[in-house]
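The sequence lines fix the lettering, A, B, ..., with proteins before strands; numbering per chain opens at 1. Basis for what follows: all heavy atoms, side chains included, without hydrogens, waters or symmetry-related copies.
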Amino acid sequence: MDKDQVSAILAEIGTLLELQGESGFRTNAYHNGARAVQQLEGDLGEVIRRGELGDVPGIGATLREKITTLVTTGSLPFYDKLKEEIPAGLVEMLRIPGLGPKKVKAIHESLEIDTLEKLRIACESGQVAKLKGFGAKTQEKILEGLKFVSEVGNRVRLDQAMWVADGIVAGLREASGIIRMEVCGSIRRRKETCKDIDLLVSSDTPGPIMERFVSLPGVITVTGHGPTKSSVVVQRVTASGTRITMNADLRVVPDVHFPFAQHYFTGSKEHGIAMRLRAIKHDLKLNEYELAGEGHSIPCKTEADLFRALGLDFIPPELREDTGEMDAAERHTLPKLVEVGDIRGVFHNHTVYSDGANTVEEMARAAQALGFEYFGLGDHSQSLTVANGLTPDRVRAQQKEVDAVRKKMKGFHIFKGTECDILEDGSLDYDDDLLATFDYVVASVHSFFNQPREEMTARIVRAVRHPRVTMLGHATGRLLLKRNRYHVDLDAVLQAAADCGTMIEINADPHRLDLDWVHCKRAKALGVLLVINPDAHSTGGLANFRFGVDVARRGWLEKRHVFNTMSGDAVAKEFAKRSKRGT
DNA sequence: GCCGTTTTCGGCCCGACTGTTTTCAGTCG
């Protein structure tokens, strides 16, 4: 059982205990423990064997016992018993906005309701409104919430959330009296998926701004409308017809409160709590309006002032997860994070030769237009027939074409590459002689996703160790909100990459974002070189590299940890060096 | 259930909004 599974079970235990009416402090301990496990660096089993689990902050004697049982036996009687006692439908009910553990418990105990369907029927017949502490409005809200839950999932991808947020910001700009405005929350922290949109505005005249917000085009429901805070459900349809529905909250504060509110609403919740605890240690109180001590308030114009007042360097939003950023900010050891402008080229891109929409030259020129110094190809290999993978003959034809385009685009590097399939047994889809004709090789898994963990790990490790493999593509194969990652011991893969100098790709396609930020941190610690690839299938897809930069930043990466911050000449030299290694 | 410059018990972040309430609990972020 790996970290993700253990973490999910701990979080579920926390939720189940909430539904039993347990103290919030106890249930919180499980949620904290879940987070601690998920963000643990290194192999969980190894940490247990070394007896270091109890040293992890947030894991005490009880959780240590439970986690050890889970990992060593694969199950936990305490958890199994909880699941038997609490119907799964109650957990589903928690997804309904406005329904928390207390209300769900009340509904279950007084009306014996344990599924969403029974809840709907009870609301429609007016039974719920009669319950103590409930009423007609609550019942109506639950019905709306049931519809919301059935129509949309909880989270959307970052690119979709940003697009919806941009629309709201553009609409709000037409209101007068806005002094400062910023999208906060998980969008500002660049989480790969987001639940809602948190907007913050400073103004002396909040009224008209609130009015504008609740009547923006696309607003389908107003769920809250106060003088300083409003909430709406907003819906936009993309050019390709995808309907995106999200909650959006707007807070309006006087400008003097802006930095405090900005910090507060950016989160994460855990980072915010850690900051408030730090304020308390300084005999100060921090909330969304001020940082204050007895009888005095500390003025701050920006977030940087706020951090400084607590003895901290500025912590970039991407790092605010309470995973060590406070200590680093205090010791002045925060990383100087890689930036979009540091990226000088990209590899792993597709053309019309396989499943891309544009020619080699169109892609290369688009890359040049983005300000890159180089562009690398990564069309699919022969066994991936569904994506029109290249046979050796077609590889040679493409390489001839590249030679021709190179002549036309002097001063711009075009690197010959391939996204070569890792076959079922870990061997590669081309023979060594053909692989030697490329400047670099991206090796990826595109088949047999359901292999058992040991097989998949051995398969990928074998490919990573292949001397012709420059970088591993798609480290996990996940499709955000659609397909889970395949079962693989990523720590073993990263270790293998570290051992033989193979790079690991941060796949920047916002549908994928293979290699999450937690493993970025781990890779960095092991000395693995990372590379940000857009996996572009058209000229427009090249710009997605920015989402990879977001992941890298969340993974504490600096410029030096990312291969494609190097110049085109340096990259060419590195490839030449590696090609000798492979012979 | 965790934790300790308040250390083995007694705390545990903080405020807005809503709905159902005559003063506040529940939810949310």
Touch class at under 4.0 angstrom, heavy-atom based, for [X] against every strand present:
X        : value
A/Ile96  : sugar-phosphate
A/Lys66  : sugar-phosphate
A/Asn32  : nothing
A/Ser23  : nothing
A/Ala279 : nothing
A/Lys269 : base
A/Asn28  : nothing
A/Tyr289 : sugar-phosphate
A/Lys281 : nothing

Any Lys/Arg nitrogen of [X] or [Y] sitting under 4.0 Å from an Asp/Glu carboxylate oxygen of the other?
X        : Y        : result
A/Glu117 : A/Arg120 : yes
A/Lys83  : A/Asp80  : no
A/Arg554 : A/Glu321 : yes
A/Glu46  : A/Arg49  : yes
A/Arg188 : A/Glu303 : yes

Gap in Å between the two [atom1] atoms, one belonging to [N] and one to [M], rounded:
N      : M      : atom1 : value
B/dG15 : B/dT22 : C1'   : 23 Å
B/dA25 : B/dT20 : C1'   : 9 Å
B/dC13 : B/dT27 : C1'   : 16 Å
B/dG11 : B/dT6  : C1'   : 10 Å
B/dT8  : B/dC3  : P     : 16 Å
B/dC12 : B/dT7  : C1'   : 15 Å
B/dT21 : B/dG10 : C1'   : 32 Å
B/dT23 : B/dT18 : C1'   : 15 Å

> Nucleotide range of DNA chain B contacted by chain A, 5' to 3', under 4.0 Å to a heavy atom?
Replying inline: B/dG1 to B/dG29

>> Any strand counts, and the cut-off is 3.5 Å on both contacts for Watson-Crick or G-U wobble. Which nucleotide pairs with B/dT8?
In response: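 Result: none.
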
> Which residue, A/Lys102 or A/Ile273, contacts DNA chain B at a nucleotide closer to its 5' end, judged by nearest heavy atom?
Replying inline: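 Closest to the 5' end, via its nearest nucleotide, is A/Ile273.
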
> Taking for each residue the nucleotide of DNA chain B bearing the nearest heavy atom, is the 5' side occupied by A/Gly133 or by A/Leu94?
Replying inline: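 Checking each residue's closest nucleotide, the 5'-ward one belongs to A/Gly133.
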
> Shortest non-hydrogen contact from A/Met210 to A/Lys229?
Replying inline: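 Looks like CE-N, 3.3 Å.
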
>> Is a donor from one side chain sitting under 3.5 angstrom from an acceptor on the other, for A/Thr323 and A/Lys521?
In response: yes

> Parallel under 30°, tilted from 30 to 60°, perpendicular over 60°: which one fits the rings of A/Phe78 and A/Tyr30?
Replying inline: parallel

